[in-house]
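We name chains A, B, ... by the order of the sequence lines, and we start the count at 1 in each one. The basis for the numbers below is simple: all heavy atoms, side chains too, and nothing from hydrogens, waters or symmetry mates.
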Amino acid sequence: MLQQTQVTTVLPYYDRWLRLFPTWQALAEAPEGAVLKAWEGLGYYRRVRNLQRLAKVVAESPTGRLPETAAGLLELPGIGPYTASAIASIAHNEPTAVLDGNVIRVLTRQLAYGEDVAKPAVQETLRAAAQALLDPETPADFNQAIMELGAVLCTPRGPQCLVCPVRLPCKAAAEGDPLRYPVKERADTTEVHEVVSVMKREGHASSQERALSQGHAMSLTRYLCEEIPPGERNHGLWRFPRFDAETMREEAELCAFTYGITRYRVRLRAVLASPSSLSVCEETEGGQPAGTAPGARWLTAQEIEALPFASAHRKIATLLLERELK
DNA sequence: CTCCGGAAGG
DNA sequence: CCTTCCGGAG
């Protein structure tokens, strides 16, 4: 979870995750949907797929536990150089240096090292520098100390040089402009426009649903959603379908906002839509609505809440369902 | 708004 | 080597 995600963001997920999947075995056997749901909102969903792949590998392994060496850990899915060194050094005292964003910042400032840290070769140089600094007697303390220094004092925007314990050897502090480091090339972003459709259908309760809703205020209004197919980004999560002028007619705008995803700026508009032909509303065998993408379903508010949506689509869902309650 | 942050796949 | 993947905080 901490790969590319800050501690404060992870905190609410972590305990819940361990309650849901307390063992490698439990995670290995969990349905993918449940795993994605527990990760919903953390982003970089490849991580969670790798984590479950990892659980399967570990659960099937002779020991049933993670390897203890960095080299062994590095073989496993989702474990790269940082995670391998972090586990090996902190849990097992192996003298292997970690290189995360914090360490990169501390070292480039200490050395006034102005190369572009996005380049793999530059990272390798920094990793070697960290390894040379590492005290082999206390790798766990050293690694955690340098990461903590970056997180607490040598911060991206407001480094506290005046109280920094390693101010004297720091070349950036001597230069008087620690914010110059680290240097990273800024990738140019491309703008993307996306229109998403919210289609609504007043439900006819099946006998089963009537039985289930006895004594409950169960909404039978349904919304057209689709499971993102394999091969597409965020596959296995759910979304509102893309607006398709061939089969849909725009009735009103529900919301519009912009969000960033890596180098893209996505301008997302969600519109209330109705089918331009009645066939879209008909449901064929297996709940597959006619004229829609495979994986499309008419979902109740309860189902939408229970399924995993990436944040942008979760935002639309929340807005929509709030509005419905009024 | 801008900036931050690991691993994998090509 | 290069690009791709998300969401939250400042």
Side-chain angles (χ1 to χ4, degrees), chain A residues 1-14 36 38-54 57 70 73-88 96-109 115-127 130 143 146-148 150-152 154-160 178-192 194 228 230-237 239 257-268 308-316 318:
Chain A
M1 285 179 182
L2 288 168
Q3 291 169 357
Q4 295 287 275
T5 303
Q6 323 234 334
V7 174
T8 52
T9 306
V10 163
L11 233 37
Y13 288 85
Y14 181 73
L36 287 172
W39 201 270
E40 181 185 84
L42 274 178
Y44 287 111
Y45 296 93
R46 172 183 287 169
R47 295 179 299 175
V48 70
R49 294 181 229 284
N50 281 335
L51 186 53
Q52 194 175 31
R53 282 176 57 206
L54 174 63
V57 171
L73 288 158
L74 206 44
E75 303 293 310
L76 298 171
I79 298 188
Y82 166 75
T83 307
S85 284
I87 296 172
T96 176
V98 293
L99 191 72
D100 72 346
N102 291 309
V103 178
I104 288 173
R105 194 166 52 252
V106 170
L107 290 181
T108 52
R109 285 177 179 167
E115 301 294 322
D116 177 10
V117 298
K119 295 189 186 309
V122 170
Q123 296 222 6
E124 180 48 33
T125 302
L126 289 169
R127 198 207 52 76
N143 280 337
I146 193 169
M147 289 191 283
E148 191 75 357
V152 175
C154 197
T155 59
R157 295 161 218 255
Q160 305 286 303
L179 296 184
R180 279 178 50 195
Y181 309 96
V183 173
K184 42 189 85 167
E185 209 60 53
R186 201 178 332 288
D188 35 348
T189 61
T190 56
E191 184 125 338
V192 180
E194 205 176 315
I228 302 172
E232 269 189 66
R233 188 193 339 138
N234 290 348
H235 61 271
L237 283 82
R239 68 182 173 200
F257 55 94
T258 306
Y259 65 95
I261 154 176
T262 60
R263 47 175 288 263
Y264 299 100
R265 302 214 49 73
V266 183
R267 306 208 57 91
L268 182 60
F309 284 69
S311 286
H313 286 248
R314 171 58 66 199
K315 185 169 167 177
I316 294 169
T318 303

Under 4.0 Å, heavy atoms only, any strand: does A:Tyr45 hit a base, just the sugar-phosphate, or nothing? sugar-phosphate

For A:Gly41, report the nucleic acid contact type (base, sugar-phosphate, nothing); a contact means any heavy atom under 4.0 Å. sugar-phosphate

Indicate yes or no for a side-chain donor-acceptor contact from A:Arg47 to the backbone of A:Gln3 under 3.5 Å, with no hydrogens or angles considered. yes

Return yes if some donor-acceptor pair links the side-chain N/O of A:Gln160 with the main-chain N/O of A:Gly158 below 3.5 Å, else return no. yes

Can a salt bridge be assigned to the pair A:Glu232 and A:Arg239 using a cut-off of 4.0 Å between side-chain N and carboxylate O? yes

Where does the chain A footprint on DNA chain C start and end, counting 5' to 3' with a 4.0 Å heavy-atom cut-off? C:dC1 to C:dG10

Within the 4.0 Å limit for protein heavy atoms, which parts of nucleotides 1-10 of chain B are touched? Write it as a string from 5' to 3', B for base, S for sugar-phosphate only, - for none. S-BSBBSB--

Is there a donor-acceptor pair closer than 3.5 Å between any side-chain N or O of A:Tyr13 and the backbone N or O of A:Glu40? yes

Using only atom types and a distance under 3.5 Å, with no angle test, would you say the side chain of A:Arg127 pairs donor to acceptor with the backbone of A:Leu99? no

Side chain of A:Asn102, backbone of A:Val152: donor and acceptor closer than 3.5 Å? no

A quick test of your reading: do over 12 heavy atoms of other residues, nucleotides or ligands sit less than 6.0 Å from OH of A:Tyr14? no

For DNA chain C, whose closest nucleotide is more 5', that of A:Pro120 or that of A:Glu40? A:Pro120

Between the side chain of A:Arg265 and the main-chain N/O of A:Thr258, is any donor-acceptor distance below 3.5 Å? no

